[in-house]
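All remarks here apply to the structure that follows.
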Amino acid sequence: MLSPMLKRAISAALLFTALLCTAVCGAEGVDALTYAVFPYLPDVEHYQALIESRWAELEPDVRLVRTEWNCYHDGRPEGIDVVMYDAIMLDQLVGEGWIQPISPDAVRDPEDIFPFALEGFTAGGALYGIPALLCGNFLIYDAGCEALAAAEHITDLADAADLLVMNSEDPTNRRQYEIEAIADALGEANPSQDGGAEEVLELIDRLAVDAHKHDEDDQVALAYDSGIGEGYIGFSESMVLLRERAERTRIKAISFSDRENTPRVYADAAAVSAGVEGERYEKCLELMNVMADADVLTALSVREGAPQYLLLARRTPYRALAGRFPIYAQLERLAGDEDNRVIRTP
């Protein structure tokens, strides 16, 4: 029979061995995390560098590995722990079982995130990611143009022509304009109806500067900056290309119909891939919070001392940014519109 002292010694040895194994196995499981950011950001590497700098302060022993993943067409994110995706893909990603839900309690400072953004990534009562970035089709215009400054509806410009530099014949853009018009006409953020916006599309063609109907997006902004037209329809981040007209350029939402504007925004969130579990899952939650961190997003919005004109899903960054760049007061109004809804349909 073993003595009580020997039993305690054996138990202690077994406990030590178990703890050591757990520590070693856990360390092996989270020595590195693989992550992918949204590939269409204006400066992907800048974002990655900011994420990794902040992460190194929090988790110096866990290495971050960059990879690429496009939510629109790359399929299942095999071997990637944390991904970033557009909310229009949420139903497919959830339906295919490619991402998994997180507890709302896992989101750091949730009150700082616009409520509509969190709602946009909620399906079946479950939250699928932490919102970080927003985007939308806005009117970007010269403040000296009285017609554009006063317009609240695209139809207010029915008697005008050649005002906007825009690639109105591009199939992707044209489809976006059509859906915007239908959404505004119906008052539905994600309209169920298809078609019925022909008159608005014809008006957009009339407003477009004819020589630039086939321009790429960046050429549209550059053409406007060179003095062509009085404005353009585009994403806020396109304003980073402006130099000559930047100081007098404004940005606002405009209805694509003769009815009240229905504020719709694209949204991107960080999510954890399916199959990730245990301590690795917990580390992924931490990484997702870093990707959507207010300080990281604030730093992302400035590059070499210049504003990047990004729409952010958090409130806090706008306060610091607006003090340096007045345009961020306008961007905050767009991002913080209480009627905003996340675009969930392609």
Side-chain angles (χ1 to χ4, degrees), residues 10-39 47-71 74-87 89-110 112-113 117-118 120-132 268-297 313-314:
I10 292 173
S11 296
L14 291 173
L15 177 60
F16 175 78
T17 301
L19 291 173
L20 180 62
C21 180
T22 299
V24 170
C25 293
E28 289 178 352
V30 292
D31 62 340
L33 292 179
T34 301
Y35 78 106
V37 301
F38 191 64
Y47 189 28
Q48 291 168 325
L50 292 169
I51 292 168
E52 291 161 14
S53 175
R54 176 63 178 145
W55 180 259
E57 298 173 1
L58 301 172
E59 294 284 351
D61 297 326
V62 181
R63 185 168 49 93
L64 291 186
V65 179
R66 300 177 182 181
T67 190
E68 297 178 359
W69 181 71
N70 189 315
C71 67
D74 280 354
R76 180 181 291 274
E78 296 285 358
I80 308 176
D81 296 302
V82 173
V83 297
M84 201 167 189
Y85 75 101
D86 184 335
M89 299 301 295
L90 185 147
D91 290 340
Q92 179 177 339
L93 299 185
V94 172
E96 297 288 346
W98 294 351
I99 58 175
Q100 57 182 307
I102 64 172
S103 168
D105 294 336
V107 181
R108 193 172 301 143
D109 301 323
D112 192 41
I113 299 176
L118 288 169
F121 287 95
T122 300
L127 179 62
Y128 288 89
I130 304 178
D268 305 316
V272 60
S273 296
V276 177
E277 57 187 18
E279 189 174 355
R280 176 172 290 273
Y281 177 86
E282 297 301 319
K283 297 297 183 186
C284 285
L285 293 179
E286 188 172 6
L287 175 56
M288 291 159 59
N289 274 297
V290 168
M291 294 169 72
D293 180 77
D295 290 340
V296 169
L297 295 178
R314 286 190 175 275

With sequence neighbours left out, what residues match Tyr85 under ring pair (Phe, Tyr, Trp, His ring centres under 6.0 Å)?
-> Phe121

Closest approach of [X] to [Y] (non-hydrogen atoms, all atoms of both residues):
X      : Y      : value
Asp112 : Ala294 : OD2-CB, 4.1 Å
Leu127 : Pro104 : CD2-CA, 4.2 Å
Leu285 : Ala106 : CD1-CB, 4.0 Å
Ala117 : Pro131 : O-CG, 3.6 Å
Cys284 : Val272 : CB-CG2, 3.8 Å
Pro110 : Leu118 : O-CD1, 4.0 Å

Rounded to the nearest 0.5 Å, how far does [atom2] of [Y] lie from [atom1] of [X]?
X      : Y      : atom1 : atom2 : result
Asp268 : Asp86  : CG    : CG    : 5.5 Å
Leu297 : Ile51  : CG    : CD1   : 9.0 Å
Lys283 : Leu64  : NZ    : CG    : 11.5 Å
Leu90  : Tyr128 : CG    : OH    : 8.0 Å

Partner set under salt bridge (Lys or Arg N to Asp or Glu O under 4.0 Å) for [X], not counting sequence neighbours:
X      : value
Glu277 : none
Arg76  : Glu78
Glu52  : Arg66

Does any non-hydrogen side-chain atom of [Y] lie less than 4.5 Å from one of [X]?
X      : Y      : answer
Tyr35  : Gln48  : yes
Met291 : Leu287 : yes
Ile113 : Ile130 : yes
Leu58  : Glu286 : yes

Only residue of Val82, Asp81, Val276 satisfying side-chain contact (heavy atoms from CB on, under 4.5 Å) with Leu33 is Asp81

Could you check whether any side-chain N or O of [X] sits under 3.5 Å from a backbone N or O of [Y], counting only pairs where one atom can act as donor and the other as acceptor?
X      : Y      : answer
Ser273 : Ile80  : yes
Trp69  : Met84  : no
Arg314 : Asp293 : no

Which pairs pass side chain to side chain donor-acceptor pair (under 3.5 Å) with one or both residues in residues 90-99, sequence neighbours excluded?
-> Asp91-Arg344

Determine which pairs satisfy side chain to side chain donor-acceptor pair (under 3.5 Å) with at least one residue from residues 99-110, sequence neighbours left out, and list them in order.
-> none

Taking atom CD of Glu57 as the centre, does the number of heavy atoms from other residues, nucleotides or ligands within less than 6.0 Å exceed 12?
-> yes

